[in-house]
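First listed ligand is number 1; within each ligand, the first listed atom is number 1.
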Amino acid sequence: MKKIKKLLVANRGEIALRIMRSAKEMGIATVAVYSEADRNALHVRFADEAVCIGPPPSSQSYLVMDKIIEAAKATQSDAIHPGYGFLSENEDFAALVKKSGLIFIGPSAESIELMGSKLAAKAAVAKFNVPLVPGTSEPISDIAKAKQIASEIGYPILIKASAGGGGKGMRIVENELQFEEQMERAVSEATSAFGDGSVFIEKYVTQPRHIEFQIFGDQHGNVVHLFERECSIQRRHQKVIEEAPSSVLTPELRKQMGEAAVNVAKAANYFNAGTVEFIVDENLNFYFLEMNTRLQVEHPVTELITGLDLVKLQIKIAEGEKLPFKQEDLSIRGHAIEVRVYAEDPANNFLPDIGTLKTYRRPQGHGIRVDDGFEQGMKIPFYYDPMIAKMTCHDETRIKAIEKTIRAIDEYEITGIETTLGFCRFVMDHEAFRTGNFDTKFVEKYFKPELLKTTGTEDEELLASVLAFSVVDGISKKSEVHNSTNSVSTSKWRKNRVQ
Ligand code: ADP
Ligand code: ADP
Ligand code: MG
């Protein structure tokens, strides 16, 4: 067993800060790496030491393995935490860290490689009797044969990239006529995003829920699960709101899915933190989707219902410690909901809306946790993921957690850019969400940007008169008008409770 004394975090933003905070509490010194765009970022200021690793594009900084290893050596770090995204699921990086005599805070390179291929992962877990979505087990090479399989499975089907991630390289095919066109698109998207054009077919589950299990393994063969997270509220196949526990799992189903998740981990000789994703149909049949071999964006909901610090646990396991608990020691306490605050415009197809955080005030109070990497006045760089913050609320019951989330969203003040907060407020107020009767189609089914708008609320009228006053006074500059416009749009969702 080797105690870690200095940890380099190969990431940026909220997750870099979140990791460093836990390290600091454990008495571990921290090293930040940063690109030129992040020179003044909070993770750089928080760390004990910081090393610049290159120009803003991540391909020249956060994704360059050699620069990160060099920074670790120069600072005499003994371990590297990759966070999520960037190099976190890159088996070559995990292997290089180990080869350089450093500890990688994550699973083995072999586990990452196996689970990085959705096809290889399915083949491995099938041996452990984990249920799979009906589909092909090999990359498509013969179109005629693939079409035949598709009609046997029954349309709609999904063409998916084996190397896929982040919702990319996925195409729905409604009928045979669309097959070739959609397949070509999936292959070209997969080739450009992942450098691997292998695609396969899966039955398209039409009203699915996305439910995933947090698992943890140590290097001594013990594996447990830390219950599930419901992640069905998505846009572009990407999560925006997550909660734990899921309102549809019975204790029996939770036990069955939890056991399947542990088996998936065992199929990969897995250690450290991982997530086993399942898709669940209307009849509550569940199927393995994929395993994410890293700390997940939405891990705070699990932390709040279990009381555990997953990063501290990751560090101890990387040091060689055994899991400090058994499955039967774990239980669910209360309910947690996370909303992701993205710099995106829900009224414009959730496209990124990058700019400066003119006003930025976090909500406070009992059971509210905000993980962010920004302060008022900072710019959201357009080079990276446009997530500003994750806000997670914890309370005794689901409905109390929903009410708390609404209160906290209303307290959150962000102006200067559009965010997903108003959309999240819409979800919290929606009957389908409140009753737990929803699936991954929530956005398509219920969301229309017009629903975020209100007519003539007090705030807007007040603002309108202030604006008119400024213009009359001749002091309205372009930036003021712009900011005021954004203030108006921030207040749109505030007064609009959809019953
Ligand atoms: P999670 O289930 O943890 O939300 P995501 O699939 O949303 O996982 O990915 C987490 C983060 O990792 C994303 O916000 C994105 O920045 C990054 N990411 C995921 N897949 C890719 C990819 N293929 N290329 C680049 N970044 C990715
Ligand atoms: P990624 O690697 O991009 O995260 P996943 O396989 O985890 O890819 O799928 C991402 C999302 O796409 C899921 O959460 C779900 O909403 C949707 N999805 C994936 N597979 C299916 C399927 N077979 N049927 C219906 N929806 C699916
Ligand atoms: Mg996924």
May I ask you to check whether [X] has an N/O atom sitting below 3.5 Å from an N/O atom of ligand 2?
X	answer
M170	no
E202	yes
K203	yes
E290	yes

Exercise for review: Would you confirm whether the ring centroid of Y84 sits within less than 6.0 angstrom of the ring centroid of H299?
Suggested key: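 No - the distance between ring centres of H299 and Y84 does not fall below the 6.0 Å cut-off.
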Practice item. State yes or no: are the ring centers of F447 and F426 separated by less than 6.0 Å? Key: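 Judged by ring-centre distance (under 6.0 Å), F447 and F426 do meet the cut-off.
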Just which atoms of ligand 2 are under 4.0 Å from any heavy atom in [X]?
X	answer
K118	1 (P), 2 (O), 5 (P), 6 (O), 8 (O)
L158	19 (C), 20 (N), 21 (C), 22 (C), 23 (N), 27 (C)
G164	2 (O)
H210	13 (C), 14 (O)

Check your understanding: Are a donor atom and an acceptor atom from the side chains of S111 and S108 found within less than 3.5 Å of each other?
Key ->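 Yes, side-chain donor-acceptor contact under 3.5 Å.
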Review point. Just checking, is any N or O donor in the side chain of D309 or S22 under 3.5 Å from an acceptor N or O on the other one?
Key: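 On atom types as modelled, these side chains qualify, holding a pair under 3.5 Å.
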**Study point:** Proximity to ligand 2 by part of I279, non-hydrogen separation under 4.0 Å
**Key:**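 The side chain, only.
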Check your understanding: At a non-hydrogen distance cut-off of under 4.0 Å, which region of V205 contacts ligand 2 (side chain, backbone, both, or neither)?
Key ->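 Both the backbone and the side chain of V205 come within reach of ligand 2.
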Check your understanding: Can you name the N, O or S atom of E277 that is closest to the Mg ion (ligand 3)?
Key ->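 The E277 atom nearest to the Mg ion (ligand 3), restricting to N, O or S, is OE1.
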Check your understanding: By atom name, which N, O or S atom belonging to E290 lies closest to the Mg ion (ligand 3)?
Key ->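 For E290, the N, O or S atom at the smallest distance from the Mg ion (ligand 3) is OE2.
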Check your understanding: Hey, what's the ring geometry for F278 with F286, parallel, tilted or perpendicular (30° and 60° as the breaks)?
Key ->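 Perpendicular: the ring planes of F278 and F286 meet at over 60°.
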Practice item. Just say parallel, tilted or perpendicular for the rings of Y62 and Y384, cut-offs at 30° and 60°. Key: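 Judged by the thresholds at 30° and 60°, the geometry between Y62 and Y384 is perpendicular.
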Point to revise | Worked check of side chain to side chain donor-acceptor pair (under 3.5 Å) between Q296 and T275 | key: CA-CA 7 Å; Q296 201 90 347; T275 295; 3.3 Å; yes
Review point. Of the listed options (Q234, K160, M291), which comes nearest to atom 6 (O) of ligand 2 when hydrogens are ignored and any heavy atom counts?
Key: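 Selected option, by shortest heavy-atom distance: K160.
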Review point. Between R18 and D371, is the closest basic N to carboxylate O distance under 4.0 Å?
Key: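 No, no charged N to carboxylate O under 4.0 Å.
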Check your understanding: Salt-bridged, R340 to E242, with N to O below 4.0 Å?
Key ->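 Answer for the salt bridge query: yes.
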Check your understanding: Is any N, O or S atom of E212 under 2.8 Å away from the Mg ion (ligand 3)?
Key ->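 No, since none of the N, O or S atoms of E212 sits under 2.8 Å from the Mg ion (ligand 3).
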